[in-house]
Amino acid sequence: MTSKEIKDLSQDQLKEQIAQERERLLRLKFAHAISPIENPLRIRASRKEIAKLMTELSAKTNQQ
């Protein structure tokens, strides 16, 4: 997701996206532990996506 798309999401949507991304990260880590995944940089990208979403959620929470 782009920064603009993330900023347009509501708090509930952000929480939902964070949950989905964490689930994706968990699956990637599990798959990588069993046998090396083709592109291990996807794990890093997933962590960064979670960080972006959590930062925006924090900013929206502090605005209220």
Side-chain angles (χ1 to χ4, degrees):
M1 296 181 86
T2 64
S3 298
K4 183 173 179 356
E5 291 172 344
I6 291 173
K7 289 182 188 289
D8 292 340
L9 296 175
S10 70
Q11 286 185 1
D12 292 333
Q13 290 172 327
L14 283 169
K15 289 177 185 176
E16 184 179 316
Q17 287 292 324
I18 290 169
Q20 288 176 356
E21 198 63 37
R22 282 185 173 162
E23 180 67 28
R24 184 176 303 134
L25 178 61
L26 184 66
R27 287 184 182 157
L28 281 171
K29 284 182 176 181
F30 186 69
H32 189 63
I34 293 172
S35 65
I37 57 176
E38 186 175 316
N39 187 1
L41 294 179
R42 292 190 320 190
I43 295 172
R44 185 185 306 171
S46 184
R47 283 198 318 256
K48 285 183 178 184
E49 188 70 23
I50 292 170
K52 287 180 197 176
L53 292 166
M54 291 184 72
T55 301
E56 186 60 32
L57 179 62
S58 176
K60 287 185 185 254
T61 303
N62 290 338
Q63 280 183 341
Q64 292 181 341

**Student:** Quick one: side chain to side chain donor-acceptor pair (under 3.5 Å) partners of E49, sequence neighbours excluded?
**Tutor:**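 Side chain to side chain donor-acceptor pair (under 3.5 Å) list for E49, sorted by chain: empty.
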**Student:** So K52 and S3, side-chain contact (heavy atoms from CB on, under 4.5 Å) or not? Walk me through it.
**Tutor:** CA-CA 8 Å; K52 287 180 197 176; S3 298; 5.5 Å; no
**Student:** Have a look at S58 and tell me which of T55, N62, T61 forms a side chain to side chain contact (heavy atoms under 4.5 Å, CB included) with it.
**Tutor:**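 Between S58 and the candidates, side chain to side chain contact (heavy atoms under 4.5 Å, CB included) is satisfied uniquely by N62.
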**Student:** Is it true that I43 and L26 fall in one hydrophobic cluster, defined by side-chain heavy atoms closer than 4.5 Å?
**Tutor:**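 They do not share one cluster, since no chain of ILVMFWY contacts under 4.5 Å joins I43 to L26.
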**Student:** Compare every heavy atom of D8 with every heavy atom of Q13, then report the nearest pair and how far apart it is.
**Tutor:**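 In terms of heavy atoms, the two residues are closest at OE1-O, 4.4 Å.
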**Student:** Atom OG in S46, atom CD in E23: separation rounded to 0.5 Å?
**Tutor:**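 Reported value, rounded in 0.5 Å steps: 10.5 Å.
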**Student:** Check whether more than 12 heavy atoms from other residues, nucleotides or ligands sit under 6.0 Å from atom NZ of K48, and answer yes or no.
**Tutor:**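 Not more than 12 within 6.0 Å, no.
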**Student:** Are there over 12 heavy-atom neighbours, none belonging to E38, within less than 6.0 Å of that residue's CD?
**Tutor:**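 Not buried by this count: 12 neighbours or fewer within 6.0 Å.
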**Student:** What residues form a salt bridge (Lys or Arg N to Asp or Glu O under 4.0 Å) with E56, not counting sequence neighbours?
**Tutor:**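 Residues passing salt bridge (Lys or Arg N to Asp or Glu O under 4.0 Å) with E56: K7.
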**Student:** Find out whether R24 and R27 are in side-chain contact, i.e. whether some heavy atom of one side chain is under 4.5 Å from a heavy atom of the other.
**Tutor:**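 Side-chain contact under 4.5 Å: no.
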**Student:** Of all heavy-atom pairs between H32 and I37, which one has the smallest distance, and what is that distance?
**Tutor:**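 Looking at all heavy atoms of both residues, the shortest contact is ND1-N, 3.3 Å.
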**Student:** Please lay out, stage by stage, how L25 and K29 fare under the test side-chain contact (heavy atoms from CB on, under 4.5 Å).
**Tutor:** CA-CA 6 Å; L25 178 61; K29 284 182 176 181; 4.1 Å; yes
**Student:** For the residue pair Q17 and L9, what are the closest heavy atoms and their distance?
**Tutor:**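 The answer is CG-CD1, 4.1 Å.
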